Amino acid sequence: MAKKVSKAVFPAAGLGTRFLPATKASPKEMLPIVDKPMFQYAVEEAAACNIKEFIVITGKSKRAIEDHFDYAWELEENLKSTGKNKILDEIRELSQHQFAYIRQGAPLGLGHAILCSKPFVKDEPFAVLLSDDIIDPDDRLLKDMIRIYNKYNATVLALQQVPKDEIHRYGVIAGKEVGKNIFKISDMIEKPKASSAPSDMAIIGRYILTPDIYNILEKTRPGKGGEIQLTDAMKTLLKRKPVYGYLFKGRRYDGGDKVGYLKATVELALKNPSLKAEFKDYLYSRVASIKEKEN
Ligand code: UTP
């Protein structure tokens, strides 16, 4: 029987160069989408899957992540005395989870970041969430991936179909459908040209990994960009064990990219009960004025 997935690893030690200068002294993961940092969406997604232990891989200038999930008694006292009970409850909720922080000394790649979690994860399966891939909170992804892991007792990667002109930004898989939206992966290529991509299914930032990935990562040499790539380790794993992909049909925003970040902000603002009416009116008038100028 498959062991239970009760730990999640959040690699957050990247430099976030696409968001400079905003990310010079502040973590990319703390950029807000409406009123919550990107990182919090990912933590809430994992918590909704009954994950109890949260392991964050941090690096330089990432202290704000730790502070965000810490107990903030002064703030809590202030909110209590001013009767702001709703937000007080939300703030309290943040410090309820169990977090462990591991420092990745240098940003040597996603594969290396995951390897840093080995002493905390030990011999259990675990989820990996890249918080800059924002999954719409009303759509299910991680829950379905855990269900698939439980069925096959094997590694599960999240996949999404991406347009041809974006495929070069992703790891892309070849595979055979073995169940509804479930693929047995036969190969994967990191950042292929559109003409040589084996499919239009890209690996996105959610994974259920088994602990055997650690031994492989330990032996994986730096690949593209001089970084220890998770995709390279996965390719080695593929030769030894089955690896599955789950094709996600819901809404995902690439929060590591400026346009993706803006799309996430607009979409989640349109869902926010206290903002949506006013924001929608603004968007209508803005679009109308853009169209008028173009004609
Ligand atoms: P990205 O490729 O998005 O890199 O990393 P980045 O540094 O965050 O951003 P850009 O491209 O420079 O703008 C994907 C994920 O892997 C983590 C990042 O924090 C992000 O969640 N990562 C990457 C690490 O934790 N360590 C690394 O060495 C590299």
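Keep in mind that this is a model prediction, so the values were computed, not measured. Remember, it's 1-based here, ligands and their atoms both numbered in the order they're listed.
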**Complete:** In short, salt bridge (charged side-chain N to carboxylate O under 4.0 Å, His left out) pairs touching residues 270-287 with sequence neighbours left out are Asp136-Lys271, Asp138-Lys271

**Message:** Within this structure, what is the OH-CD1 distance for the pair Tyr152 and Ile182, rounded to the nearest 0.5 Å?
**Reply:** 4.5 Å

**Asked** Picking from Leu142, Val128, Asn150, what satisfies side-chain contact (heavy atoms from CB on, under 4.5 Å) with Ile208?
**Response** Leu142

**Prompt:** For ligand 1, what is the set of protein residues having any non-hydrogen atom at a distance below 4.0 Å?
**Reply:** Pro11, Ala12, Ala13, Gly14, Leu15, Gly16, Thr17, Arg18, Lys28, Glu29, Gln104, Pro107, Leu108, Gly109, Leu110, Ala113, Asp132

**Asked** What pairs of residues pass the salt bridge (charged side-chain N to carboxylate O under 4.0 Å, His left out) test when at least one of them lies in residues 117-135, not counting sequence neighbours?
**Response** Lys3-Asp123, Lys7-Glu124, Lys28-Asp132, Lys118-Glu218, Asp133-Arg252

**Request:** I would like to know whether Asp254 and Arg169 meet side chain to side chain contact (heavy atoms under 4.5 Å, CB included); could you show each step before the answer?
**Result:** CA-CA 11 Å; Asp254 180 2; Arg169 304 208 315 238; 3.5 Å; yes

**Asked** Which other residues belong to the hydrophobic cluster containing Leu108, where Ile, Leu, Val, Met, Phe, Trp and Tyr are joined when side-chain heavy atoms lie under 4.5 Å apart, directly or via other members?
**Response** none

